[in-house]
Amino acid sequence: MDYVAQYIQEATRILSLLDQSAIERTTDLILELRERSGRLFLLGVGGGAGHASHAVGDFRKIAQIEAYAPSDNVSELTARVNDEGWDTCYANWLRGSRLSEADMVFIFSVGGGDAKNNISTNLVRALEYAREVRATICGVVGRDGGYTAQVADACILIPVVNPSTITPHTESFQAMIWHLLVSHPKLRVAEMKWESVQSPARA
């Protein structure tokens, strides 16, 4: 089997294995967040940071939820990393934003954070702080979910079907999941552009 066919086959299998109840649970928690006028803080590193930035726009525009990603402000983020350290850059950003129990921290990560192995420790510290203030925690993660899966109120785990393609599949499905969330009838408020545009009549 060539790589393209194998990759698509793996993706198809992941789709069939996704825990739909975890997705519905996440949807309900985000709905509750909006109903209490809480804020959504999306955190990730690497590809997860890119996802967080994109998802902020979608949650704000389509679901009309006040959302932020600390990685969007490069000046503040790099100042915190330089002055305070990598481990605490997100936690201190959340502290400065006065994260509270009304809010939600949402993680995009392949491994979910692992302090013991010094992987994505800034996510771990952010989640520890979120637990301190009793904010809701959700995430979309891969592998075994790491620290995110251990502490989340709802965690969507992308199944591992091939140890050689954990990262590309996890990051691909993270994008699929957040687009599912913002377009879910429970959360969608604003019409999406291309769904609102009528197809031109054919001659």
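Index from 1, following the sequence.
Side-chain atoms of T136 never come within 3.5 Å of backbone atoms of M104 as a donor-acceptor pair (strictly under, hydrogens ignored). A donor-acceptor pair is defined here as one N or O able to donate and one able to accept, closer than 3.5 Å; no such pair exists between the side chain of Y68 and the backbone of R39. The main-chain N or O of G111 is never found under 3.5 Å from a side-chain atom of R143 such that the two would form a donor-acceptor pair. Put simply, the side chain of H51 never gets that close to the backbone of Q174: no donor and acceptor are under 3.5 Å apart. Of the possible polar contacts, none joining the N117 side chain to the I119 backbone as a donor-acceptor pair under 3.5 Å is found. Proximity of a side-chain donor or acceptor of D153 to a complementary backbone N or O of I137 within less than 3.5 Å is detected.
Between F173 and I14 there is a side-chain heavy-atom pair separated by less than 4.5 Å. With contacts defined as side-chain heavy-atom distances shorter than 4.5 Å, the pair L42/F59 qualifies. Using a 4.5 Å heavy-atom cutoff, the side chains of E24 and K186 are in contact. The shortest side-chain heavy-atom distance between D114 and Y147 does not fall under the 4.5 Å cut-off. Looking only at side-chain heavy atoms (C-beta outward), V133 and S100 stay at 4.5 Å or farther from each other. Using a 4.5 Å heavy-atom cutoff, the side chains of V45 and S109 are not in contact.
The minimum heavy-atom distance linking I158 with T170 is given by the pair CG2-CA, 4.1 Å. Residue E10 comes nearest to H169 through the heavy atom pair OE1-NE2, 2.8 Å, listed as atom of the first residue, atom of the second, then distance. In terms of heavy atoms, Q64 sits closest to K61 at CG-O, 4.1 Å. Between A69 and A52, the closest heavy-atom pair is CB-CB, 4.0 Å. Of all the heavy atoms in T121 and A115, the pair that sits closest is CG2-CA, 4.0 Å. The minimum heavy-atom distance between L181 and L187, with the atom names listed, is O-CD1, 3.2 Å.
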Under the side chain to side chain contact (heavy atoms under 4.5 Å, CB included) criterion, do N162 and Y7 qualify, and how do the steps go? CA-CA 9 Å; N162 181 351; Y7 193 94; over 6 Å; no

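Checked against the 6.0 Å centroid threshold, W178 and F108 count as a close aromatic pair.
V56 and F41 fall into different hydrophobic clusters, defined by Ile, Leu, Val, Met, Phe, Trp and Tyr side-chain heavy atoms under 4.5 Å apart, directly or through other members.
At most 12 non-hydrogen atoms from other residues, nucleotides or ligands lie less than 6.0 angstrom from CD of E101.
Every residue two or more places apart in sequence or in another chain that forms a ring pair (Phe, Tyr, Trp, His ring centres under 6.0 Å) with H179 is listed here: H54.
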